[in-house]
Amino acid sequence: MLLKDVVCPYCACLCDDLDVTVEGNRVTGVDNACDLGAHKFQAGNRLPGPVRPTEKGWDRVSREEAIGFTVDMLLSADRPLIYGWSTTSVEAQSLGIHIAEEIGGVVDATTSVCHGPSILAIQEVGHPGCTLGQVKNRADVVIYWGCNPIEAHPRHLSRYTMYSDGFFLENAFKERTLIVADIRPTESANVADEFVHLKRGGDYAVLSALRAIVRGKTGSIPSHVAGVSRAQLLRIGEVCKNAKYGAFFFGMGLTQTVGKYKNIRNAIELVDELNRHTKWTLTPMRGHFNVYGFNEVCTWVTGYPYAVDFSRGMAFYNPGETTAVDILARKECDACLVVASDPAAHFPRAAVEHLAEIPVVQIDPVVNATTAFCDLQIPVAVTGIDAEGTAYRMDGVPIRAKKILDLGYPADSEILREVYQQIRDRKKVREVKPV
Amino acid sequence: MTELLLRNACVIDPLNRVNGDVMDIAIRDGWIVESVGNGAEVIDARGFLTLPGGIDSHTHICGTKVNFGRYMMPEDMRAGRTIRKGVMHATSGYSVPTTYGNSYRYSAMGYTSILEGAMAPLEARHTHEEFSATPLQDTMANTLFDGNWPVMEAVKEKDVKRAAAIVAWTLAAVKGFAVKLTNPGGTEAWGWGKNVTCIRDPVPHFEVTPAEIIETLIRANELLRLPHSVHLHCNNLGAPGNYQCTIGTFDLVPDLNKERQSLYATHVQFHAYGGTSWKDINSKAEPVAYSVNRKPQIVIDMGQMMFGKTTTMTADGPMEWNLYRLHHNKWSNHDVELETTSGIIPVYYSKKSLVNCVMWAIGLELALLVKDPWQCLLATDNPNGAPFVRYPEIIGLLMSKRYRDEEFRTIHPDTGKRVILDTLDRELGWHDIAVMTRAGQAKALGIAKIGKGHLGVGAEADIAVYPIRIRDTDPSRDYAAVVSAFQRTAWTIKRGRVVCRDGDVVVEGTNRTIWANSRVPEAFDMGRDPEFVKKFDRYYTVRMANYPVQDAYIPRSGCIESEAVL
Amino acid sequence: MRVILTAKPRKKPLIPVEAETIIPRHFRQGRDLTVWEGNRERSLRDIFDVMVERTAAAAEEVEVILRGDVSRFKRVGEYMDAGKITIEGDIGMHCGNFMTGGTIEIHGNADGWLGREMRGGRILCHGNAGHYAGSGYRGEKFGMKGGTLEILGNAGDFAAEYLAGGEVIIHGNAGDLPGVEMVNGTLTIHGNCSRPCGNMTGGTCTVLGTVRGMLPTFRKNSTLLHGSDKIPLTVFEGDIANRGKGILQVREYSYDD
Amino acid sequence: MRFMLFSGRTIRQGNAVESKLSPEYRDATSVLSMTPFDMMEAGLDEGDAVLVSGPGGQVVLTVKADEHLPAGHVFLPYGPYANHLTPTETHATGMPDYKAIPVEVEPAEGKPVTVWELMRDLGGVPHAP
C-alpha cells in the first residue's frame with residue numbers, strides 16, 4: 001500500500017510529502033525522504049515490552065507494574081527530573097509537563113542542549129521570523145551561519161532555499177545568493193556563493209562588526225575580525241542591505257560556541273538592523289523532529305519554553321540552574337524520568353554519571369545508551385510511524401504526524417496519561433464541590 | 001440529568017428585555033429551562049446582579065502569536081505566578097498569561113465565551129491546541145484573510161463568489177469562526193518590508209487595494225451566510241491622522257444583513273487619531289462615533305487602553321515594526337506564507353506620556369459618544385490596550401463621571417487640550433454594560449441563536465452572578481464597589497455547572513469550539529478546483545492534504561452550519 | 001540580636017534548599033520560618049540548629065550567621081532590606097537577590113547569580129563568585145540597579161550583565177563578556193577578562209588587567225592615568241554595534257583578528 | 001599534542017542515531033577528523049588509534065584525515081565518544097561547550113570500545129535481551 005503525504009519523523013524540517021510503501025505492517029519503501037528520514041522509517045531494534053535489570057539479567061515486567069513503579073519513583077522523589085521530549089508528540093509532552101507540575105519536579109527538554117540559547121536570546125530581543133514558505137517564495141539572499149544543512153537537514157536547500165523555486169523567484173538557483181559562515185568549509189559551504197571563514201569563537205565579534213557596518217559605522221572596523229577581512233565584511237553588508245528579502249538561518253555553530261546565546265542575540269540584532277533597509281527574517285535550524293513542539297506546549301502550560309522547576313508548586317525558570325545538564329552535573333536530582341531522547345549518549349560524561357546513582361525510568365521505543373542506566377524501560381510506539389500526534393516544524397508550523405503502522409505498542413501519551421492519572425489518584429486531586 | 005435552580009437573581013438580560021427583575025433561573029443539563037424538579041440543587045443568589053456569561057468578542061488568548069508573546073517574555077511570566085492548588089493548575093503571566101491563567105481569570109470575571117482575534121490558517125492547529133487548554137470558556141477563532149493570495153487573486157478578478165468559496169474552504173479546513181482582516185493588503189506588503197497607508201494604496205504585485213479586499217469580503221461573507229460579519233482591523237493602526245482612513249473604510253460598508261452588522265471594526269481606539277504626528281496627536285473619537293451613529297451596519301469595539309505594562313500583539317506586522325522603532329525594547333515578527341503576518345512588542349502605557357493619555361481618553365470617548373451600546377462593545381483588544389483583567393475598571397469609568405474626573409486629574413496636564421473626555425457627562429447604566437459585555441457581543445457574533453449572551457429558556461446556562469446589589473449601589477459614586485464586583489463573581493456558571501466560586505476555580509472544565517461551516521455548491525469546492533490546488537501545492541510548504549485541522553483537535557465541536565448562496 | 005544557624009547534616013545533601021526566608025527582618029519578628037528542600041517544605045529547625053542571642057528593636061540590629069555546609073542553599077538574603085548576614089563558608093545561588101539594604105558578607109565562594117537584580121545595600125564576597133554575579137534576570141532589560149557588590153576573588157562569565165546602576169568591583173579576574181548589555185552603573189575589574197561590555201549602551205567599565213578578544217566595535221577615544229598609581233588606560237566608547245554611549249577603559253588589550 | 005575539538009552532526013551519525021548499539025553507530029561517532037598536516041606532525045595514519053584526553057575524560061578513537069579543518073582543530077561527530085571528553089560546564093546557560101573542548105591527542109593501541117563499554121565505565125548496566 002502506498003501512503004502519500006506522510007510526515008517525516010526525523011528532523012524539524014517535518015517534510016510532509018513523503019511517499020511510504022507499507023506491506024504486511026512493515027515499511028518497504030520510502031520516497032522523497034532524505035537518507036536520515038528513510039533510515040528512521042526502516043530502523044528496527046524495538047524493545048518488545050517493559051524491562052528492568054535484575055542481578056540475573058533483564059526481566060520483562062507487565063505494563064501495570066511498570067506504571068506503578070514509575071508513579072512510586074516520581075512521588076517519592078524530592079527533586080525529580082523529567083527530561084527528553086524531542087521525538088514525541090505535543091500531546092505526550094503536555095502530559096509530561098503536567099506530571100512535573102503534579103509531583104513538584106523539574107521538566108526540561110533536549111532544547112537545552114540544542115536551541116536553548118536561541119530562546120534565551122529571543123527573550124532578550126525578540127525574534128523577527130517567518131514560516132519557511134516566505135523564504136521559498138521571496139528570499140533572494142540566504143545566509144546559513146554555523147550550520148551545515150546538507151548533513152543535518154538535507155532537504156532544507158531543496159524544499160525552502162537554494163534549489164526551491166517560489167512565487168517571486170522562478171529560477172531560484174540563479175536568482176538567489178547563498179552565504180555560508182562557518183569555522184570550516186563544510187559541504188554546505190561548498191555550494192555557497194560566498195563563504196565566510198571564521199575563526200573559532202569569532203562569531204560574536206564578526207556579527208558585531210556587521211551590525212556596525214550596516215549602521216554605516218565602518219570607520220573603526222579593523223582590517224580583520226576573527227579571521228574575516230574588512231573587505232569581505234563590507235561586501236556582505238552591501239549584499240544584505242541590497243537584498244529584496246533576506247533569510248538568516250543558524251545552527252549549533254552559534255548556540256554551542258563560546259558566548260552561547262549572546263551570539264544569537266547579536267545575529268537577531270543584525271537582522272533587526274537590516275530591517276531598517278529591507279526585509280529580513282531569521283530562523284533557528286532546529287534539529288529534532290518535535291523539539292519546538294515542546295517549547296510551544298511548555299510555554300502555554302507553564303509560561304516558559306523549557307527548564308521549568310515546579311518544586312515550589314509554581315513555575316520557576318532559569319536555564320543554567322533548572323536545565324538538565326546542570327542539575328545532573330551538580331547531582332541535584334534524586335530520580336529521573338526520560339522520555340523520547342537519549343541523554344546518556346548526548347550529555348557530557350560527568351552529567352551521565354549521576355544517572356547511575358539514582359532511579360531512572362525511560363519511556364522510549366528502542367534500546368539506547370540511556371537504557372544502561374534504567375531501573376525500568378517502557379517501550380512505546382514511534383510518533384510518526386506507529387503513533388500519531390502533533391509536531392511543530394522549526395518555523396512554528398504545527399503538522400499532524402501520521403500513524404502508518406500498528407505494531408501493538410502504546411503511544412507515549414497513553415503511558416503518560418496512565419502515570420498522570422495514577423499520580424492524581426494517589427494525591428486525591430478531585431473537583432471541589434462549591435459551597 | 002442534573003438540575004440547578006438559581007434563586008433570587010437580579011437579572012439583566014437585554015436580549016430578552018429583562019432589566020433588573022429579581023427572578024429564579026432553572027437549569028437542566030446545561031440549558032435554561034422553564035422549571036426544574038424539587039431535587040434540583042439550589043443556589044441563592046441573594047439578589048445579586050446576574051448576567052449572561054460574559055463574551056469577549058475580540059481578545060488574543062490562544063495561538064502562535066500569543067504563545068510567542070509568552071515565550072519571549074519570562075519577565076511577564078514571573079509577574080503573575082500562582083501555585084498549583086485544588087483543581088487549578090499553576091499559572092504564570094500578567095499581560096500574556098498561560099492558557100490556564102487566561103481561563104481562570106476570565107472565569108473569575110464571569111466570562112464564558114471568548115473569541116481569539118486572529119488565527120493564521122496555516123497555524124490553526126496551534127490555536128486549537130491552546131483552546132483545548134482553555135477549559136472554562138467556549139472559544140472561537142477569527143481567521144485571517146488579509147494577505148491571502150488566492151483571495152487577492154479573486155478580488156483582482158472581481159469574483160466575489162470565488163472569494164467566498166475560498167473563505168468557505170478555509171474556514172472549514174481550519175475550523176475557523178469568522179473572516180478577519182488585519183490591515184488588509186498591508187500584511188502582504190510587509191512580506192517586502194513595506195506597508196499600505198490606507199484603503200486606496202495598491203498591494204505590491206497583486207494590484208488590488210485594501211478597499212477592494214474589504215468590499216469583496218463583506219459581500220462574500222454574506223453570500224456564505226456566516227454567523228458573524230467581516231471582522232476588520234483597519235489599515236493604518238496607531239498612526240496620527242488615521243481617523244480619516246477609518247471613516248473612509250466605514251463609508252465602504254453596505255448594509256447587507258438585517259440581523260446584525262455587516263462590518264465589525266475592532267479596537268477603534270487605535271484608529272481614531274487626529275493630528276499629523278506624535279507631537280500634535282489628538283482625539284477624533286467624535287467624527288468616528290458620528291460615523292458609527294449614522295451606520296447601523298457597523299459595530300465597533302472600544303480597544304480601550306489602560307495605563308500600565310502590557311504587550312502588543314497583532315497580525316499587523318508592519319505596525320509592530322513601527323512601534324518597535326519607537327520603543328526599542330524587543331520585537332518579534334512572524335510572517336505566514338501566502339496568508340498574513342504578525343508582530344509582538346512589550347509596551348508600557350504611561351500617564352506621563354501625552355500620547356498615551358490621549359489614547360486612554362479616546363477609547364472612553366468612543367463608548368460615550370456612540371449612542372447605541374449595541375454598536376460599541378467593551379474590549380481592550382486584550383492584551384494590546386490592556387490585559388482583560390482591567391475590564392472592571394473600564395466599566396467603572398464608563399459608569400462614573402466622578403471616577404473619570406479623578407483619573408483625569410492624574411494624567412498629563414495637556415491632555416484636556418487634545419480630547420473632549422472631560423466634557424462628556426454621560427454615565428452608562430447597568431443595562432448598557434450588560435449589552436457591551438455580553439448581549440451585544442452575542443448579537444454581533446451571531447451566536448445568540450445558539451444560546452449565547454442571554455438567559456431565556458433555551459439558552460445555554462452560562463451565567464455570571466456578581467456580588468453587588470444594583471438597587472443599593474450608585475455606580476456614579478460607588479464606582480469602587482462596581483469595579484470590585486466585576487473583578488470577581490460570586491458564582492460563574494458554565495453550561496449549568498458552577499465553575500468558579502468567589503474567584504476560585506472549582507472544576508477542571510471542558511470547553512467547546514464554535515466554528516462556522518458554510519456549505520457551498522460542488523462547483524465552488526476549492527478542494528477540487530484545479531487552479532487552487534495547483535497553486536497550493538506549488539507555493540505552500542505543507543501539502544494540501546496535511547493542511548486541514550483534524551477532528552482530533554476539536555474535542556467538543558460547536559459547528560454553526562449555513563447554506564451558501566452562490 | 002545574633003542568630004546563628006548551623007546547617008545539620010542532610011540525608012540528600014546535594015538537593016538544593018530554597019531559603020529566601022533567611023533575612024534579618026524575619027528573625028526579629030520571631031516567626032516560624034520554613035525553607036524548601038527540593039519539593040518538601042521543612043521547618044527551619046529541621047534544617048538548622050538555631051541559636052538566638054539577645055533581642056533586637058529593629059532589623060538593622062539583627063545579624064544572621066550561617067555555619068556548616070550551606071553551599072546548596074539558594075536565595076539567602078533575597079529582598080533583604082536591613083541588618084547583616086554573615087556566611088562563614090560557601091553559599092548557593094541567588095544570594096542577595098533584589099536586596100535593597102543591609103550587608104551580606106560571604107567568607108567562602110558564592111554560586112551563580114550573586115546579587116541578582118540588587119537594588120541597594122552591600123555584598124562582600126571574600127572568595128570567588130559564579131556566573132552572572134550582579135546580573136539581571138532572563139528577559140529583563142535592567143539588572144542590578146543599586147548597591148555595591150564586591151568580589152575579592154574571581155567572577156565567572158556574564159558578570160554585571162545588564163548592569164543599570166550601583167557598583168560591581170571584581171578584584172580578581174572576570175570571565176567572558178563581563179558588563180555585556182550594560183546600561184549604567186560602574187564595573188571595575190582589577191584582573192583580566194575577555195570581551196567586556198558587548199552591546200553596552202551606557203555606564204563605565206574599567207579593566208585594570210588585560211582584555212582578550214577586545215570587540216571591534218569600540219571606538220578608541222583617549223587615554224588617561226587611573227587612580228593614585230596613575231595606571232595608564234585606553235578609553236573606548238561603544239558599543240557602536242548599537243547606539244552605545246558607554247565608556248570602556250582598559251589597561252592592556254588585544255583583538256581577536 | 002594539544003588540539004581544540006569540536007563536535008557536530010554528520011549524515012553517518014544521523015543515520016545510525018536510532019540504533020546506538022550498532023557497529024555503524026560506533027563507527028560513525030568514534031572517528032576523529034584531523035588535518036593531514038596535523039596527522040603528519042603527530043605521526044598518525046588514517047585508521048590509527050589515538051587516545052584523546054579532554055576535561056571530561058579519556059577515550060580511544062580512530063583517526064581520519066580532513067583537509068578542510070582549520071589547523072589545530074579536530075572534529076568528532078556528536079555522540080557518547082565526544083561526550084566522554086566534554087566538560088559539564090555550561091556557563092550557567094544550560095548548554096555545554098560541545099564546540100570547544102581542549103584535548104590532548106596521542107597515539108595509542110587498540111580500537112574504540114563499544115557504546116556499552118563506555119556506559120559501563122560510567123556505572124551503567126548494558127542491556128542484554
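Within every chain, numbering begins at 1; the chains are lettered A, B, ... in the order of the sequence lines, protein sequences first and strands thereafter. Model, not experiment: these values are computed from the prediction.
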Quick one: [atom1] on [X] to [atom2] on [Y], what's the gap to the nearest 0.5 Å?
X	Y	atom1	atom2	result
B:W190	A:C130	CH2	SG	12.0 Å
A:F168	B:W192	CZ	CH2	5.0 Å
A:M314	B:T91	CE	OG1	9.0 Å
A:I97	B:H89	CD1	NE2	11.5 Å
B:E337	A:Q134	CD	CD	7.0 Å

Q.
For B:Y100 together with A:H98, are the ring centres under 6.0 Å from each other?
A. yes

Q.
Before we go on, tell me: are the rings of B:W331 and A:H127 under 6.0 Å apart, centre to centre?
A. no

Looking at [options], which one has more heavy-atom pairs under 4.5 Å with chain B than the rest?
options	answer
A:N137, A:D17, A:V397	A:N137
A:L14, A:T302, A:T299	A:T299
A:R312, A:R159, A:E296, A:K244	A:E296
A:W300, A:Y317, A:Y160, A:Y304	A:W300
A:E91, A:E102, A:E388	A:E102
A:I119, A:N295, A:I268	A:I119

Q.
Tell me whether B:K330 is salt-bridged to A:E269, with the criterion being a basic N under 4.0 Å from an acidic carboxylate O.
A. no

Q. Hey, is A:R138 close enough to B:E188 for a salt bridge, meaning N to O under 4.0 Å?
A. yes

Looking at chain A, which one of [options] has the largest number of heavy-atom pairs inside 4.5 Å, strictly under?
options	answer
B:K535, B:H205, B:R538	B:H205
B:S332, B:P97, B:G193	B:S332
B:M73, B:R84, B:R70	B:R84
B:H126, B:K85, B:M77	B:H126

Under 4.5 Å between any side-chain heavy atoms of [X] and [Y], yes or no?
X	Y	result
B:T541	A:R393	yes
A:D272	B:Y324	yes
B:E123	A:T131	yes

Check whether the side chains of [X] and [Y] place a donor and an acceptor atom closer than 3.5 Å, and report yes or no.
X	Y	answer
A:D16	B:N546	yes
A:Y392	B:E129	yes
B:Y553	A:T390	yes

Region of [X] that comes under 4.5 Å of a non-hydrogen atom in chain B:
X	result
A:V301	both
A:K4	neither
A:H277	neither
A:V7	side chain
A:R276	both

Go through the atoms of [X] and report whether side chain, backbone, both or neither lie under 4.5 Å from a heavy atom of chain A.
X	answer
B:H128	neither
B:I345	neither
B:Y540	backbone
B:T82	backbone
B:A552	side chain

Q. Is the number of heavy atoms from other residues, nucleotides or ligands under 6.0 Å of B:D551 CG greater than 12?
A. no

Q: Can you establish whether the number of heavy atoms outside A:R417 located under 6.0 Å from its atom CZ is more than 12?
A: no

Q. Which atom pair, heavy atoms only, marks the closest approach of B:A90 to A:G313?
A. CB-O, 3.5 Å

Q: Test salt bridge (Lys or Arg N to Asp or Glu O under 4.0 Å) on A:K279 and B:D335 and set out the steps.
A: CA-CA 11 Å; A:K279 178 73 183 212; B:D335 296 348; 2.7 Å; yes

Q.
Would A:F167 and B:W149 count as a side-chain contact (heavy atoms from CB on, under 4.5 Å) here? Give the steps.
A. CA-CA 11 Å; A:F167 188 78; B:W149 290 3; 3.4 Å; yes

